[in-house]
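In what follows, a structure is listed as structure tokens, so that the remarks can point back to it.
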Amino acid sequence: MTTRTRFAPSPTGHVHIGNMRAAVFNWLYARHTGGQFLLRVEDTDRERSTPEAIKTLLEAMDWLGLNYDETPLYQSTRMNVHLAAAEQLLASGHAYKEDKGGTGQGECIIFKMPGTDIEFTDLVKGTLRKSAADMADFVLVRSNGTPVFHLANVLDDIEQKITQVIRGDDHVENTFRHIAMYKALGAPVPQFAHLPMIVNAQGKPYSKRDGDAFVGDFQTKGFFADALFNYLALLGWSPGDEREVMTRDEMIAAFDLSTVRSSPAQMDLRKLLWMNGEYVRAMRPVEFATMCREELRTIRLEIGENAAAIFALMQERIKIRTDIIPAMTFFCTDDYEYDEKAVEKKLSKPEIFQTLEKIAGILEGLQPFDAETVNKALHDFVEQGGLKFGDVMPPLRIAVSGQQSGPDLAPVLAILGKDDVLARIRKTIARFS
RNA sequence: GACCCCUUCGUUCAGCGGUUAGGACUCUAGGUUUUCAUCCUAGCAACACGGGUUCGAUUCCCGUAGGGGUCGCCA
């Protein structure tokens, strides 16, 4: 039997990271088993389910590469079916109407639990059991005539012929009810897999309040979809060996629900950043160049003729797209900003300006002005003057780039060119001495 | 409160009766005879606690503690 999994979010404008990881696991499982991955939009909450919210959801799916099979099912189109099923359950004695007196809410339809214990084998948590005494009847149709989540969710899973329901841990209690419903409806019961929650930095489950946990935010922060996907896949799961940076195909091949952990996991942004850096380094030079050019263009900067050399120098140092502008601006313009702390720390002593003056003099006479020659000249200067590299190089770097860290200085100087370097050194001296 | 779930380094993933308890991220120290956000090497750092079972428990069982989830008209 071919497997069919689904991602069934309610489009509230933002999909948070825990939900998206559920989507990732559903996708991986479907792809691993050669089955289908379906999307269902649970848009019955009319107030929150706006067209924009749905658009945001679809864009997030697309961005992460979570391609789905078949046309998405919009739950709101199925209300009649849901209601009809409630009537059927009523007719078959699996549900009853009740007018909860005193509240003035009117009559609702309530599902009658079978009165027997229910047990199922969760694909990640193992056997789970609940005794009849611990399960109460529950509302299927509100007194205002609308179906509740349980009814809609189960019926749509039946409609979409879902074989594995892979969802968050917070649904385990619902599962007992859902199983009772499948049986009452005469439908085959799917398998269930409950994923542990992803918790925030405080160790608490992500909530709407954790504004930094939306998928779109990772995109705007400059993370790559592939890196985020890779990181998310590793939250609660591992291939069983020590691989971490993996291609999608590798993840698909190795994925299995039985090796998913059942304890909650916390996101570590630092590791995500590291992983993103791994993806940057793995980029083809052309891709990296294109990304840099596009990013710099957003602040109307164009990279000069030494672009290739600059990209080669920077690719291993950039960890995330948003690093590009701060790290590369000085290559594109003389109008770079000085890191105040760096200036304070390294350009405070008066004698440093004399040193810079001397360096400028030496560099001026250099021919050719390539990295090797520059490097040698700087070394000679330090040695002959009985100076320390640490006292000379950092100020020079700040002078030409405004920053206290960056790639090897000699190639940087060579790329900037003699005239530019001299101008920058003199500008710096004039400004801070 | 009731029911259910979870518990290995700061984080994450291994380990599934006998291991010097491993990898990764972070951090620290050294190195790459200059910076450094890269790279290399080394290092710090964990089995929540208490009982069992067993020749032997991180591993199996039972408790305790802590955390989380759910509890008839949210999804």
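Source: prediction; values computed, not measured. In what follows, every chain begins at residue 1, and chains take the letters A, B, ... in the order their sequences are listed.
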Would you mind listing every ring pair (Phe, Tyr, Trp, His ring centres under 6.0 Å) that reaches into residues 383-414 of chain A, with sequence neighbours excluded? A:His379-A:Phe389
If pairing means Watson-Crick or G-U wobble with both distances under 3.5 Å, then the partner of B:G1 is B:C71
Does B:U32 have a Watson-Crick or wobble partner in any strand here, with both distances under 3.5 angstrom, and which is it? none
A:Asn174 atom CG is separated from B:C74 atom C1', nearest whole Å, by 11 Å
Take the protein atom CD1 of A:Ile359 and the nucleotide atom P of B:U34, then report the distance between them rounded to whole Å. 15 Å
With heavy atoms under 4.0 Å as the rule, sort A:Asp408 into base, sugar-phosphate or nothing. base
Students often get this wrong, so: under 4.0 angstrom with heavy atoms, is A:Ser401 touching a base, only sugar-phosphate, or nothing? nothing
Going by the angle between their ring planes, with limits at 30° and 60°, are A:Phe229 and A:Trp27 parallel, tilted or perpendicular? perpendicular
In whole angstrom, give me the gap between the C1' atoms of B:C62 and B:A57. 15 Å
Send over the distance from A:Lys271 NZ to B:U11 P, rounded to a whole Å. 13 Å
With no hydrogens and no angle check, just 3.5 Å: does a side-chain donor-acceptor pair link A:Thr175 and A:His194? yes
Sticking with atom P, work out how far B:C27 lies from B:A37, rounded to a whole angstrom. 9 Å
Rounded to whole angstroms, how far apart are CG on A:Leu140 and P on B:A75? 12 Å
Between B:A24 atom P and A:Leu272 atom CG, what is the distance in whole Å? 18 Å
Is the base of B:G69 stacked against the aromatic ring of A:His194, taking ring centres under 5.5 Å apart and planes under 30° as the test? no
B:U70 and B:A14, which share atom name C1', separated by this distance in whole Å: 32 Å
Residue list, salt bridge (charged side-chain N to carboxylate O under 4.0 Å, His left out) with A:Lys346, at least two apart or on another chain: none
Nearest-neighbour nucleotide for the A:Gln403 side chain, B:A37, B:A75, B:U34 considered: B:A37
Without decimals, in angstroms, what is the distance between A:Arg177 CZ and B:C3 C1'? 11 Å
Please classify the nucleic acid contact of A:Leu234 as base, sugar-phosphate, or nothing, using heavy-atom distances under 4.0 Å. sugar-phosphate
List in chain and number order the residues that pass ring-ring contact (aromatic ring centres under 6.0 Å, His included) with A:Phe7, two or more places apart in sequence or in another chain; answer none if no residue qualifies. none
Counting only Watson-Crick or G-U wobble pairs whose two distances fall under 3.5 Å, which nucleotide matches B:U20? none
Does A:Phe120 have any ring-ring contact (aromatic ring centres under 6.0 Å, His included) partners at least two apart in sequence or in another chain, and if so, which? A:Phe176, A:Phe192
CG of A:Leu378 versus P of B:U34: gap in Å, rounded? 11 Å
Under-3.5 Å N/O pairs linking protein and nucleotides 38-42 of chain B:
{"residue": "B:U38", "atom": "OP1", "partner": "A:Lys319", "partner atom": "NZ", "Å": "3.0"}
{"residue": "B:U38", "atom": "O3'", "partner": "A:Arg281", "partner atom": "NH1", "Å": "2.3"}
{"residue": "B:U38", "atom": "O2'", "partner": "A:Arg281", "partner atom": "NH1", "Å": "2.8"}
{"residue": "B:U38", "atom": "O2'", "partner": "A:Arg281", "partner atom": "NH2", "Å": "3.1"}
{"residue": "B:C39", "atom": "OP1", "partner": "A:Arg281", "partner atom": "NH1", "Å": "3.0"}

NA contact type, A:Pro9, heavy-atom cut-off 4.0 Å: base, sugar-phosphate, or nothing? nothing
Considering residues, nucleotides and ligands other than A:Glu250, do more than 12 of their heavy atoms fall under 6.0 Å from its CD? yes
B:U7 pairs with which nucleotide, Watson-Crick or G-U wobble, both distances below 3.5 Å? B:A65
Run the salt bridge (charged side-chain N to carboxylate O under 4.0 Å, His left out) test against A:Asp117 and tell me which residues pass, sequence neighbours left out. none
Ignoring backbone atoms, establish whether A:Arg243 has a side-chain N or O less than 4.0 Å from OP1 or OP2 of B:G23. no
A:Leu155 CG - B:A75 P separation (whole Å): 14 Å
Assign A:Asp323 to base, sugar-phosphate, or nothing according to its heavy-atom contacts below 4.0 angstrom with the strands shown. nothing
Expressed in whole Å, how much space separates the P atoms belonging to B:U53 and B:C6? 25 Å
When you compare B:G22 with B:G30, how far apart are their C1' atoms, in angstrom units rounded to a whole number? 24 Å
Tell me what A:Ser10 touches on the nucleic acid: a base, only sugar-phosphate, or nothing, going by heavy atoms under 4.0 Å. sugar-phosphate
When all nucleic acid strands are considered with a 4.0 Å heavy-atom cut-off, which category describes A:Glu42: base, sugar-phosphate, or nothing? sugar-phosphate
Taken in chain and number order and not counting sequence neighbours, the residues that satisfy side chain to side chain contact (heavy atoms under 4.5 Å, CB included) with A:Asp156 are A:Arg40, A:Leu73, A:Gln75, A:Arg78, A:His82
N/O donor-acceptor pair under 3.5 Å between A:Arg317 side chain and A:Gly406 backbone: yes
Just call it for A:Leu396: base, sugar-phosphate, or nothing, with non-hydrogen atoms closer than 4.0 Å on any strand. nothing
When every nucleotide of nucleotides 4-10 of chain B is labelled 5' to 3' by its protein contacts under 4.0 Å (heavy atoms), B for base, S for sugar-phosphate only, - for none, what sequence of letters results? SSSSB-B
When you measure from the side chain of A:His379, which nucleotide among B:U34, B:C74, B:A37 comes out closest? B:U34
Hey, can you tell me if A:Phe138 and A:His150 have their rings parallel, tilted or perpendicular (30° and 60° cut-offs)? perpendicular
Sticking with atom C1', work out how far B:C73 lies from B:G63, rounded to a whole angstrom. 39 Å
Taking only residues two or more places apart in sequence or in another chain, which ones pass ring-ring contact (aromatic ring centres under 6.0 Å, His included) with A:Phe331? none
What's A:Gly168 touching, base or sugar-phosphate or nothing? Going by heavy atoms closer than 4.0 Å. nothing
Provide the distance between the two C1' atoms, one in B:C25 and one in B:C44, to the nearest whole Å. 15 Å
Using the P atom as the reference point in each nucleotide, state the distance between B:U59 and B:A29 in Å, no decimals. 37 Å
With rounding to the nearest 0.5 Å, note down the distance linking NZ in A:Lys271 to CG in A:Leu234. 7.0 Å
Heavy atoms only, 4.0 Å cut-off, all strands: where does A:Gln404 land among base, sugar-phosphate and nothing? sugar-phosphate
Does A:Pro239 or A:Val141 map to a spot on RNA chain B nearer the 5' end, using the closest nucleotide for each? A:Pro239
Mind checking A:Ser238 for me? I need base, sugar-phosphate or nothing, with any heavy atom below 4.0 Å counting as a touch. sugar-phosphate
Pick base, sugar-phosphate or nothing for A:Ala136, based on heavy-atom distances below 4.0 Å to the nucleic acid. nothing
